2 protein chains.
Amino acid sequence: MKTRMLHAMLPAGLGEEPARWQQQKSARTRLRLVEAAIDCLVEGGYSRLTTQAVAERTKASRGSMHHHFPTRMELVAAVVEQVFYERMRLFLDDYLSNLARSSEAEMLEIATAAHWRSVHTREYAAYLELAVAARTDPELDGFFGPAARRYDEVWIGEMIESFPQWRDQWEQMKLASDFVSNVHMGMLLQHPVYGEARTQRMHKLTNEVLRLIYAHKFGV
Amino acid sequence: MKTRMLHAMLPAGLGEEPARWQQQKSARTRLRLVEAAIDCLVEGGYSRLTTQAVAERTKASRGSMHHHFPTRMELVAAVVEQVFYERMRLFLDDYLSNLARSSEAEMLEIATAAHWRSVHTREYAAYLELAVAARTDPELDGFFGPAARRYDEVWIGEMIESFPQWRDQWEQMKLASDFVSNVHMGMLLQHPVYGEARTQRMHKLTNEVLRLIYAHKFGV
DNA sequence: CATAAAACAGGCAGAATTGCCGGTTAATGA
DNA sequence: TCATTAACCGGCAATTCTGCCTGTTTTATG
């Protein structure tokens, strides 16, 4: 399940295991801290992602935290990297494994279903928190924005690799991808209001639109 | 520009001016506080909506704040009411005034353009902050969720009044409304990544889909 | 083995927020 | 007019979070 594109945005300390014990341990605790920070983010929102909450959760001392992440923002930056990487990795794992045991006719439904699942992961919840927080926090946006655009480029690359059926109509594919991404985000956020029935209708509509895009019924 | 539906969710203290001077003054400062709170929300996010920031902004004392809103949450609750009300009021004002000087053929484009504009108001920015914060704050969700559902009901009622063209196909109209609402939310949040060109393509696609829904090309 | 470096522990001061309280001024109505 | 109610003022303690600081233990290296 290795992909070149995705590998290009591997977060620091998540690559091959270093030989030395100390660096290995360091990378391990670093990852524990980042994962705990993501939990805080998902459970309490951006403002509750606090250094001391992370320290408590991982049973780490304040000093150890300061050693790995001198400021809160550096921790948040690491969270951003981790979240983008894991979000795409999880989607690709899900999609590609489901794709294996399916016919080509179901391709679109398989993909949208996988994307809809990916939108319910804690990584996507974290992404949402960060995206909204970045709207009002210039410092966060300073590295979130570029990371998001980098993620988008890699995403497009992965889509091209993963959807050979769309060859020679990549503009349509990108349109379809943007479309699903946008609709699903809105559906997720408004689900508490719209409820299950209207969400299902939206799914049906989404798939029909995708079929039309695929059949060149919509210009780009 | 008065509508019965909208009037049903008028926030406290925004109705007719009370006769007594004291109550009038009270309502005035109350509104000032709520508006300042919305500014804080839009500029700094939910976590920067603090009682003292609001007090500073309105030049009110901490004591006066406490008199009107004993706790921060009561202030937030007032903000929720105000935001939902103003959001819909502004959209209806915009849409209905633009609708007056246009042909019926352009109806769909007029409506989507108005909705897209409404998504760029500070009221929508505030709504977004609240919606995301409510996902991780049960206390906020306790009154935000119900308010959002109330808003949705009123919204449907207003749409039925405002779109006589969709008579006898209200299910399609609701589908179209949900669709635009979802897509535009995603487009807004991902605009920093997708940029202007891809956003324009999405607008084009959206309008084409709406035409098909209107022409009964999509089942409900 | 000895020294350096890295990882970890825990405490402290300053700033920011929140809720609350006693006091003050202005208006309302009998 | 005068007691009562409403609006407003400013300060206090408790809490929380951040950044920094001084030690201590563990690991690497000459």
Side-chain angles (χ1 to χ4, degrees), chain A residues 12-13 17-37 39-41 43-79 129 133 136-140, chain B residues 12-13 17-37 39-41 43-79 129 133 136-140:
Chain A
E17 289 270 295
R20 307 182 218 310
W21 241 16
Q22 211 163 158
Q23 290 183 27
Q24 195 175 127
K25 194 178 175 187
S26 178
R28 213 175 279 268
T29 45
R30 187 191 155 93
L31 182 60
R32 255 184 33 228
L33 291 173
V34 172
E35 286 295 329
D39 289 338
C40 290
L41 192 56
E43 290 175 18
Y46 185 68
S47 62
R48 287 235 168 68
L49 165 40
T50 140
T51 57
Q52 82 182 23
V54 171
E56 279 179 26
R57 195 180 276 264
T58 61
K59 266 99 177 154
S61 66
R62 310 247 320 105
S64 180
M65 285 245 17
H66 182 74
H67 175 70
H68 290 280
F69 303 102
T71 76
R72 182 188 113 111
M73 264 304 159
E74 299 187 50
L75 173 60
V76 174
V79 166
E129 289 288 341
T136 55
D137 186 335
E139 191 181 358
L140 170 58
Chain B
E17 288 270 295
R20 311 181 216 310
W21 237 15
Q22 212 160 157
Q23 290 182 26
Q24 196 176 126
K25 193 178 176 188
S26 177
R28 214 176 280 269
T29 45
R30 186 191 155 91
L31 182 59
R32 257 186 31 230
L33 290 173
V34 172
E35 285 295 330
D39 289 337
C40 289
L41 193 56
E43 290 175 18
Y46 185 67
S47 62
R48 287 234 169 65
L49 165 40
T50 108
T51 58
Q52 81 182 26
V54 171
E56 279 179 27
R57 195 180 277 262
T58 61
K59 265 98 176 154
S61 66
R62 311 244 320 103
S64 181
M65 286 247 12
H66 182 73
H67 176 70
H68 290 281
F69 303 102
T71 74
R72 183 186 112 111
M73 263 305 158
E74 299 188 48
L75 173 60
V76 173
V79 165
E129 290 288 342
T136 55
D137 186 334
E139 191 181 359
L140 169 58

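If you're wondering where the values come from, they're calculated on a predicted model, not measured in any experiment.
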Please determine if a side-chain N or O atom of B/T29 lies less than 4.0 Å away from the OP1 or OP2 oxygen of D/dC8.
yes
Tell me whether the side-chain N/O atoms of B/S61 come closer than 4.0 Å to OP1 or OP2 in D/dG10.
no
At less than 4.0 Å, is any side-chain N or O atom of A/T51 found next to OP1 or OP2 of D/dG19? Yes or no.
no
Rounded to whole angstroms, how far apart are NZ on B/K59 and C1' on D/dC9?
17 Å
Would you say that more than 12 heavy atoms from the other residues, nucleotides or ligands in this model lie under 6.0 Å from the CD of A/E74, or not?
yes
For the residue pair B/R30 and B/A78, what are the closest heavy atoms and their distance?
NH2-CB, 3.8 Å
Nearest-angstrom distance from the residue atom NE2 of B/H67 to P of C/dT25:
17 Å
Would you indicate whether the side-chain heavy atoms of B/F69 and B/T51 approach each other to under 4.5 Å?
no
In B/S/- notation (B base, S sugar-phosphate only, - none; protein heavy atoms under 4.0 Å), nucleotides 11-16 of chain C written 5' to 3' is -----S
Is there a side-chain polar atom (N or O) of B/H66 under 4.0 Å from OP1 or OP2 of C/dC20?
no
Quick one: side chains of residues 53-66 of chain B, donor-acceptor pairs under 3.5 Å with protein atoms, not counting sequence neighbours, listed by atom name and distance.
{"from": "B/R57", "atom 1": "NH2", "to": "B/E43", "atom 2": "OE1", "distance (Å)": "2.8"}
{"from": "B/T58", "atom 1": "OG1", "to": "B/V54", "atom 2": "O", "distance (Å)": "3.0"}
{"from": "B/T58", "atom 1": "OG1", "to": "B/A55", "atom 2": "O", "distance (Å)": "3.4"}
{"from": "B/T58", "atom 1": "OG1", "to": "B/A60", "atom 2": "N", "distance (Å)": "3.4"}
{"from": "B/S61", "atom 1": "OG", "to": "B/S64", "atom 2": "N", "distance (Å)": "3.0"}
{"from": "B/H66", "atom 1": "ND1", "to": "B/P70", "atom 2": "O", "distance (Å)": "3.3"}

In whole Å, what is the span from the CZ atom of A/R28 to the P atom of D/dT26?
18 Å
Rounded distance (Å) that lies between atom P of C/dT17 and atom CZ of A/R48:
15 Å
If you draw a 6.0 Å radius around CZ in A/R48, do more than 12 non-hydrogen atoms from other residues or ligands fall strictly inside?
no
B/C40 and B/L49: which non-hydrogen atoms are nearest, and at how many Å?
CB-CA, 4.1 Å
Atom pair distance, as rounded to whole Å: CZ in A/R32 and C1' in C/dC8:
11 Å
Tell me, with the steps shown, if B/D137 and B/M73 meet side chain to side chain contact (heavy atoms under 4.5 Å, CB included).
CA-CA 11 Å; B/D137 186 334; B/M73 263 305 158; 3.6 Å; yes
Which whole-number value in Å describes the distance from B/L31 CG to D/dA7 P?
15 Å
Numerically ordered, the residues 68-79 of chain A set in heavy-atom contact under 4.0 Å with DNA chain C is A/H68
Aromatic B/Y46 / basic B/R72 pairing, under 6.0 angstrom, 45° off normal
yes
